[in-house]
Novice: 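Right, I'll just put the structure down here and ask away after.
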Amino acid sequence: MTFLVLGAALLVAAVAIVGAYAAWLLTAPRQASPAPCTALPEVLIVVPVYDEAPLILRKLENLAALDYPPALWRATIVDGGSTDGTIAIAQRWIAQGIAGRPAFTLLQTTHRDKTAQLNDALRVESGPEWILVTDADAQLAPETLRALAAVAMADPSVGVVGAGVRPAAAHPLESLHWRATDWLRQRESDRGSAAIVAAPCYLARRQFLRAMPPDTLADDVHVACRAMLQGHRVGHASTTVIELRSPRSFRALLRHKYRKADAYLREIVRFLPAVRRMPAPLRAIFLWRAALLTAVPFLGAAGAVLLALGAPTLLESATPAWLLLALLFLFAPVRAAARAASLAAMLAAVSALALFTYPFSRQGASFPKVLQPWEYQLPDEAQ
């Protein structure tokens, strides 16, 4: 029974860390929604793309429909050497030059990875302090930019603002994960600062995006950590972006989450040595998130291994209990809890794998696309 006791103790410790963080967040006073922004800032929108022919036209039209004064924003589409017709589609649309439409430009590069494309865009495009970074597969509601700007302008200490994300069609665990992370970022924001923003769409001060290190895999995590290191909060706006490209199979979901965990871990390692320079409560939020990505998966993996070693003894002595648990899974509330537990177990497993393989990771910022072009789920097709 020694294996069982030690394994259970490690799993309890992992759950306790998660529970303590959730309790800390839940005790934070809820922040009031910012008042409508009357002094809107100038914004440069940057859209990194590579082989996005199925989505680029819809993205351009989506941006053109934003409810934001045309004189206060412009957009740059940064292409990384597309060969599927993306460039021609964008050029034709931009050349139309519809009256009253904000300025759109196309910047052609040879960089397939998002980090290099963003660096190129900010070297070429000067001007606005605020930069909206958004992916080709992200559909923004008309009020999105206003909502992000309202959070940014309500508090001068805000350096980055994120939005909620919902997949148009995805594996159930991916949809659950987005709901959970949106809740987490909102509660963290109530505590003082969200830990990260979501890559499909976020607003950041230029200084936190400029000249990102070439080994940056997760620009959304890097920009948030850089802002917190300089004493700036990461806000969260009450607006939701629709992501058109999400993993639908469990296998694709595992690959996707492993890449994300590996990319996030790289930023934890990068900024942890300087964590003392982060003011409270930003430092506490960073350290809590670091523990969730490192200590919790390690404890969970070690606990699971020990329980597996002691499983024969458990099965011999507790067969009726296992049968009772199986029957309980027939009830809907328990099934919902099981789905949440499955998500937690999956995230812990891929995070543990990313942690153990980190010294050997050679991942680049040019991630393989989650879906093939014919698999994209568009909002009007998801109804």
Side-chain angles (χ1 to χ4, degrees), residues 44-50 76 78-81 107-126 128-136 158-162 185 193-234 256-279 282-283 285-287 289-290 292-294 351 354-369:
L44 170 65
I45 298 179
V46 179
V47 187
V49 300
Y50 176 75
T76 296
V78 189
D79 185 80
L107 174 61
Q108 297 185 54
T109 76
T110 57
H111 306 301
R112 288 184 56 177
D113 70 86
K114 186 177 180 181
T115 299
Q117 290 172 331
L118 289 173
N119 285 343
D120 277 358
L122 295 191
R123 279 196 296 266
V124 172
E125 297 285 352
S126 60
E129 175 189 11
W130 289 98
I131 313 296
L132 180 77
V133 179
T134 179
D135 293 338
V158 170
V160 186
V161 186
R185 288 194 296 271
S193 173
I196 61 173
V197 289
C201 178
Y202 62 87
L203 183 69
R205 293 182 188 271
R206 177 183 289 266
Q207 68 190 85
F208 303 128
L209 275 167
R210 184 188 295 116
M212 286 187 291
D215 64 338
T216 301
L217 304 184
D219 59 288
D220 48 350
V221 180
H222 182 87
V223 69
C225 290
R226 186 187 278 189
M228 289 193 293
L229 186 61
Q230 297 187 31
H232 284 261
R233 295 179 52 240
V234 179
H256 183 64
K257 293 306 178 189
Y258 170 77
R259 292 197 298 267
K260 293 292 187 180
D262 178 64
Y264 196 165
L265 183 59
R266 183 170 300 196
E267 299 310 317
I268 293 295
V269 173
R270 189 195 312 276
F271 286 94
L272 187 59
V275 71
R276 289 182 177 274
R277 289 162 47 193
M278 292 185 187
L282 312 185
R283 180 172 59 249
I285 290 170
F286 176 89
L287 290 174
R289 281 291 193 124
L292 294 182
L293 191 63
T294 56
S351 296
L355 183 65
F356 296 141
T357 60
Y358 180 77
F360 315 102
S361 174
R362 295 296 181 268
Q363 185 176 205
S366 180
F367 295 139
K369 296 188 187 303

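Throughout, numbering of the chain's residues begins at 1 and tracks the sequence.
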Novice: Pairs in or reaching into residues 193-217: which pass ring pair (Phe, Tyr, Trp, His ring centres under 6.0 Å), with residues at least two apart or in two chains?
Specialist: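 Non-adjacent pairs meeting ring pair (Phe, Tyr, Trp, His ring centres under 6.0 Å): Phe208-His232.
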Novice: Which residues satisfy the side-chain contact (heavy atoms from CB on, under 4.5 Å) test with Ile268, sequence neighbours excluded?
Specialist: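 By the side-chain contact (heavy atoms from CB on, under 4.5 Å) rule, Ile268 matches Tyr264, Phe286, Ala290, Leu293.
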Novice: Using the test salt bridge (charged side-chain N to carboxylate O under 4.0 Å, His left out), find all partners of Arg185 that sit at least two apart in sequence or belong to another chain.
Specialist: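 By the salt bridge (charged side-chain N to carboxylate O under 4.0 Å, His left out) rule, Arg185 matches Asp182.
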Novice: Output all residues satisfying salt bridge (charged side-chain N to carboxylate O under 4.0 Å, His left out) with Asp262, sequence neighbours left out; order by chain, then residue number.
Specialist: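 For Asp262, no residue satisfies salt bridge (charged side-chain N to carboxylate O under 4.0 Å, His left out) once neighbours in sequence are set aside.
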Novice: For residues His222 and Phe271, establish whether the separation of their ring centroids is below 6.0 Å.
Specialist: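 Ring-ring flag for His222/Phe271: true, centres closer than 6.0 Å.
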Novice: Just verifying a value: how many Å separate Asp219 CG and Arg226 CZ, rounded to the nearest 0.5 Å?
Specialist: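 The distance works out to 11.0 Å.
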Novice: Looking only at heavy atoms, which two atoms of Asn119 and Leu209 are closest? And how far apart?
Specialist: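 What the structure gives for the nearest pair is OD1-O, 3.9 Å.
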Novice: With Ile45 as reference, evaluate Leu203, Val133, Leu132 under the side chain to side chain contact (heavy atoms under 4.5 Å, CB included) test and give the passing residue.
Specialist: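 Going through the options one by one, the only one that passes is Leu132.
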Novice: How many angstroms lie between atom CG of Asp79 and atom CZ of Arg112, to the nearest 0.5 angstrom?
Specialist: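 That separation rounds to 11.0 Å.
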Novice: With sequence neighbours left out, write down each residue that passes ring pair (Phe, Tyr, Trp, His ring centres under 6.0 Å) with Tyr258, or none if nothing qualifies.
Specialist: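 In terms of ring pair (Phe, Tyr, Trp, His ring centres under 6.0 Å), with neighbours along the sequence ignored, Tyr258 is linked to no residue.
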Novice: Check whether Ser193 reaches the backbone of Val234 with its side chain - one donor and one acceptor, N or O, closer than 3.5 Å.
Specialist: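 The answer is yes, because a donor-acceptor pair under 3.5 Å joins these two groups.
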Novice: Has Thr216 got a side-chain atom pairing as donor or acceptor with Thr115's backbone, closer than 3.5 angstrom?
Specialist: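 Between the backbone of Thr115 and the side chain of Thr216 there is no qualifying donor-acceptor contact (under 3.5 Å).
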Novice: Within this structure, what is the CD-CG distance for the pair Glu125 and Leu44, rounded to the nearest 0.5 Å?
Specialist: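 One gets 5.5 Å once the value is rounded to the nearest 0.5 Å.
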Novice: May I have all residue pairs that pass salt bridge (Lys or Arg N to Asp or Glu O under 4.0 Å) and include part of residues 196-216, sequence neighbours excluded?
Specialist: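 Pairs touching residues 196-216 that pass the test: Glu129-Arg205, Asp215-Arg270.
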Novice: Return yes if some donor-acceptor pair links the side-chain N/O of Arg283 with the main-chain N/O of Met278 below 3.5 Å, else return no.
Specialist: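 The answer is yes, because a donor-acceptor pair under 3.5 Å joins these two groups.
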Novice: Can you measure from SG (Cys225) to CG (Leu282) and round to the nearest 0.5 angstrom?
Specialist: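 CG of Leu282 is found 11.0 Å from SG of Cys225.
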